[in-house]
There are 2 protein chains.
Amino acid sequence: MTSAHQTSQAGRATERIPLEEIERAIMQISWLAQRQFMQLLDEDRFRVTLPQFYTLIYLQQAGEECKMSDLADSTHQSAASLTGVVDRLAEKLLVDRTRHKRDRRQVMVVITVRGIELISEIRLARREQMQMALGQLSEQEIDTFLHILDQVLSGMVRVIERGEGGRLA
Amino acid sequence: MTSAHQTSQAGRATERIPLEEIERAIMQISWLAQRQFMQLLDEDRFRVTLPQFYTLIYLQQAGEECKMSDLADSTHQSAASLTGVVDRLAEKLLVDRTRHKRDRRQVMVVITVRGIELISEIRLARREQMQMALGQLSEQEIDTFLHILDQVLSGMVRVIERGEGGRLA
DNA sequence: ATGATATACTTAAGGACATTGAATATCAAA
DNA sequence: TTTGATATTCAATGTCCTTAAGTATATCAT
């Protein structure tokens with residue numbers, strides 16, 4: 001057709017400098033993974049957004065009440081954004097909000113049963129998408145991949161936490 | 001702290017369904033990678049957003065004029081969103097807009113020299129972040145990682161393109 | 001206690017983008 | 001010319017981001 005479609009990343013006998021290639025691949029995967037996941041979350045049966053989902057996931061993993069500020073740190077959202085996100089989750093009855101008994105300034109958030117159910121449905125649907133995307137990998141490759149991903153993950157946490165603290169500190 | 005992350009090292013061999021773990025890792029990495037990259041793009045010297053950046057990147061790789069609709073498809077944005085994104089890129093003089101000579105309905109977009117310069121500065125900064133995140137990997141691991149990433153990437157493209165077409169078609 | 005500070009969170013205002021549906025302009029034919 | 005398809009923009013609405021200001025509540029020094 002109109003050409004201009006060439007993904008241009010296929011062939012090219014990668015001239016060494018694999019770090020650059022990894023950078024490209026991670027960026028593209030992140031972009032695609034988010035888009036792809038957004039599509040899923042936007043289906044009528046779910047109707048949540050990415051920040052809402054990641055917030056919910058964290059609450060479910062935590063398994064107990066969380067302070068707003070801890071939740072904001074852990075999900076890498078600003079406190080101001082999180083207020084809105086939790087508002088919408090509470091409207092949908094996916095989380096409950098209460099005040100801390102001793103320190104009434106603190107707002108505590110818990111996931112509801114309904115929230116837990118929603119998450120497990122989303123995970124199920126997500127898994128189907130993933131199986132398609134990962135279908136080509138051998139079992140050996142999957143193990144290796146997982147191991148490397150975890151290392152990259154911890155590296156990223158380091159980078160993002162450095163950036164979030166004081167940019168001038 | 002930011003815990004609740006524990007991967008819970010499996011004792012038994014492949015009883016674990018590592019696909020679930022990979023799913024978790026990819027979601028977390030995508031989320032973090034986007035947040036981390038947003039921080040970077042939001043610095044005063046850049047001041048672009050993620051959709052703007054990915055649009056710019058595509059235009060640079062294409063190397064020539066692109067139709068709005070092709071650009072929307074390729075970057076996985078809706079035509080309506082893309083209009084706004086390109087508006088803002090054009091305001092910053094990072095792209096130029098013209099009409100197709102024969103078919104005046106079509107709007108053609110090209111990246112400007114200034115746009116190309118900006119991209120290469122961003123890439124440079126990005127690489128430094130990446131080196132931090134990937135610092136722990138051996139050369140062998142990097143090669144393997146890259147190979148697997150490319151396979152995952154093509155799997156994802158398949159998934160997202162299936163979802164985007166007609167949900168009812 | 002009183003007043004000053006620190007904290008935890010919300011609110012407010014403005015920008016970017018997403019979605020949806022309607023509007024516009026152009027092309028291509030019947 | 002009317003009709004219909006195509007290419008893009010516009011308008012309305014909602015979510016989320018950032019920054020700055022505002023409201024409680026807690027804590028500490030006096």
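Sequence lines set the chain letters: A, B, ... in the order given, protein chains first and strands last, and positions in each chain run from 1.
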*asked:* Between the side chains of B:Arg126 and A:Glu23, is the shortest nitrogen-to-carboxylate-oxygen separation below 4.0 Å, so that they form an ion pair?
replied: no

*Check whether any side-chain N or O of A:Thr83 sits under 4.0 Å from OP1 or OP2 of C:dC9, and answer yes or no.*
no

*Residues from residues 87-104 of chain A sitting under 4.0 Å of DNA chain D, heavy atoms only?*
A:Arg88, A:Arg102, A:Asp103, A:Arg104

_If the condition is side chain to side chain contact (heavy atoms under 4.5 Å, CB included), which residues does A:Arg45 pass it with, not counting sequence neighbours?_
A:Leu40, A:Glu43, A:Ala125

_Can you tell whether the side chains of B:Arg24 and B:Glu21 come within less than 4.0 Å, N to carboxylate O?_
yes

_Nearest-Å distance for atom pair CE/C1', residues B:Met38 and C:dA16_ = 11 Å

*Determine which pairs satisfy ring pair (Phe, Tyr, Trp, His ring centres under 6.0 Å) with at least one residue from residues 21-43 of chain B, sequence neighbours left out, and list them in order.*
A:Tyr54-B:Trp31, B:Phe37-B:Phe53

*Please name all residues satisfying side chain to side chain contact (heavy atoms under 4.5 Å, CB included) with A:Ser78, sequence neighbours left out, ordered by chain then number.*
A:Ala80, A:Ser81

*asked:* Expressed as a whole number of angstroms, how long is the span from A:Leu41:CG to D:dG14:P?
replied: 20 Å

*Can you tell me which residue pairs pass the salt bridge (charged side-chain N to carboxylate O under 4.0 Å, His left out) test with a partner in residues 103-115 of chain B, sequence neighbours excluded?*
B:Asp103-B:Arg105

_Those residues that, when tested against B:Ser138, pass side chain to side chain contact (heavy atoms under 4.5 Å, CB included) (two or more places apart)_ = B:Gln140, B:Glu141

*For B:His76 and C:dT19, give me the distance from atom NE2 to atom P, rounded to whole Å.*
13 Å

*Phosphate contact (D:dC17 OP1 or OP2) by A:Ser81 side-chain N/O below 4.0 Å*: yes

*On DNA chain D, nearest-nucleotide positions of A:Val48 versus B:Arg47: which is more 5'?*
A:Val48

_Rounded to whole Å, please give me the gap between CD in B:Gln52 and P in C:dA18._
10 Å

*asked:* I need the CZ-C1' distance between A:Arg105 and C:dT7, as an integer number of Å.
replied: 4 Å

*Using atom CD of A:Gln106 as one end and atom C1' of D:dA24 as the other, report the distance to the nearest whole Å.*
13 Å

*Atom CD of A:Gln34 and atom P of D:dC17: how far apart are they, to the nearest Å?*
11 Å

*Could you give the NZ-to-C1' distance, from A:Lys67 to D:dA26, as a whole number of Å?*
13 Å

_Under 4.0 Å from OP1 or OP2 of D:dA7: is there any side-chain N or O of B:Ser69 that close?_
no

